[in-house]
Amino acid sequence: MSTHALDGYTCTPFSALGKRRDVYRTGSGPAVIVISEIPGITPNVADFGRRVAAIGCTAVLPHVFGVPGKPASPGYAMKTFAGACISREFSAFALRRASPITVWLRELARSAHQECGGPGVGVVGMCFTGGFALAMMVDETVLAPVLSQPSLPLPLTRAHRGDLGVSDQDLERITERAAEGVCVLGLRFTHDRFVPEERFRRLREELGDAFVAVEIDSSPGNPHGHPRMAHSVLTEHLIDREGSPTRAAVDQVLDLFRNRLLVAAKE
């Protein structure tokens with residue numbers, strides 16, 4: 001583990017449903033669960049957590065896979081990806097099924113809400129965990145779900161490309177909550193083959209105006225220099241400068257947390 005990458009974080013264990021994991025926290029205020037992408041809690045994921053803390057929230061990063069603090073690399077990512085694909089905790093290929101780990105994450109969200117206070121919690125899923133924020137939305141605790149490049153189930157067939165990684169029963173509850181006013185924010189690069197256009201189209205069909213899509217141009221020759229293989233909107237492929245679409249996406253995510261967790265807490 002790289003301790004420097006996690007400066008400012010505390011690490012405590014959290015146990016639920018017979019499973020214990022380390023959880024990294026920084027900041028104070030209403031909780032935002034930041035579920036890391038593959039390969040894990042990289043320095044860039046930790047930096048995103050610091051942005052969440054800077055607006056007045058508690059960033060809560062569960063150790064889901066990988067080595068906390070270790071920088072991303074192609075070999076590290078492939079090794080982690082291979083392990084996650086065969087893990088019983090993740091539904092990498094199944095249709096109309098949430099990953100089993102989301103039940104544990106919902107317990108973490110409830111605990112963080114009780115501990116940190118506020119009207120509810122925010123959730124950010126990324127890549128392999130991108131759709132977890134949607135699955136966790138079945139709980140009323142979740143007020144600000146963010147789906148950053150939601151990649152499961154892996155888009156192997158037409159059915160997989162339009163699947164949302166939740167059961168039919170859960171989707172019914174999710175659409176109810178969307179109708180009640182919960183806003184779902186989705187982020188993707190336009191040429192990301194892991195996050196097909198069909199998935200966002202399905203989200204629009206199911207959630208209507210409650211789904212806000214941020215789709216960033218990654219076509220060849222795009223004016224902002226995003227590579228065609230760009231994937232990680234909030235971390236590895238973030239161009240952190242004013243005027244960048246990825247920087248605007250980060251700001252939009254943080255504004256969602258401000259409006260749903262901080263402004264609401266004062267009303």
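FYI, the numbering just counts along the sequence from 1.
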*asked:* Considering only residues two or more places apart or on different chains, which pairs with a residue in residues 147-158 satisfy side-chain hydrogen bond (donor to acceptor under 3.5 Å, both in side chains)?
replied: E37-Q149, T157-H160

State whether [X] and [Y] are salt-bridged, where the test is any N-O pair (Lys NZ or Arg NE/NH1/NH2 against Asp/Glu carboxylate O) under 4.0 Å.
X	Y	result
R177	E172	no
E198	R188	no
E140	R173	yes
R110	D139	yes
E205	R199	no

*Assert yes or no for the condition that the ring centre distance of F189 to H231 is strictly below 6.0 Å.*
no

*Measure up the F90 and F65 rings against each other and bin them: parallel (under 30°), tilted (30 to 60°), perpendicular (over 60°).*
tilted

*Checking salt bridge (Lys or Arg N to Asp or Glu O under 4.0 Å) for the pair R21/E89: CA distance, chi angles, key distance, verdict?*
CA-CA 13 Å; R21 289 185 174 84; E89 293 190 294; 2.2 Å; yes

Any donor and acceptor pair, going by atom type alone, linking the side chain of [X] with main-chain N or O of [Y] inside 3.5 Å?
X	Y	answer
T246	V233	no
T102	M136	no
H63	G66	yes

Can you find a pair of side-chain heavy atoms, one from [X] and one from [Y], that are under 4.5 Å apart?
X	Y	answer
F194	L152	no
P145	M137	yes
V212	V184	no

What is the distance from atom [atom1] of [X] to atom [atom2] of [Y], rounded to the nearest 0.5 Å?
X	Y	atom1	atom2	result
S15	L108	OG	CG	11.0 Å
F93	L154	CZ	CG	5.5 Å
L134	D170	CG	CG	9.0 Å
H226	I216	NE2	CD1	5.5 Å
E197	H191	CD	NE2	10.5 Å

*Under the criterion side-chain contact (heavy atoms from CB on, under 4.5 Å), which of L6, I33, V34 is the partner of L61?*
V34

*Under 4.5 Å between side-chain heavy atoms, hopping through other hydrophobics if needed: is there a path connecting I35 to Y24?*
no

*Does V52 share a hydrophobic cluster with V214, counting links as ILVMFWY side-chain heavy atoms below 4.5 Å and allowing steps through other members?*
yes

*Can you list the residues that meet the salt bridge (charged side-chain N to carboxylate O under 4.0 Å, His left out) rule with D217, with sequence neighbours excluded?*
none

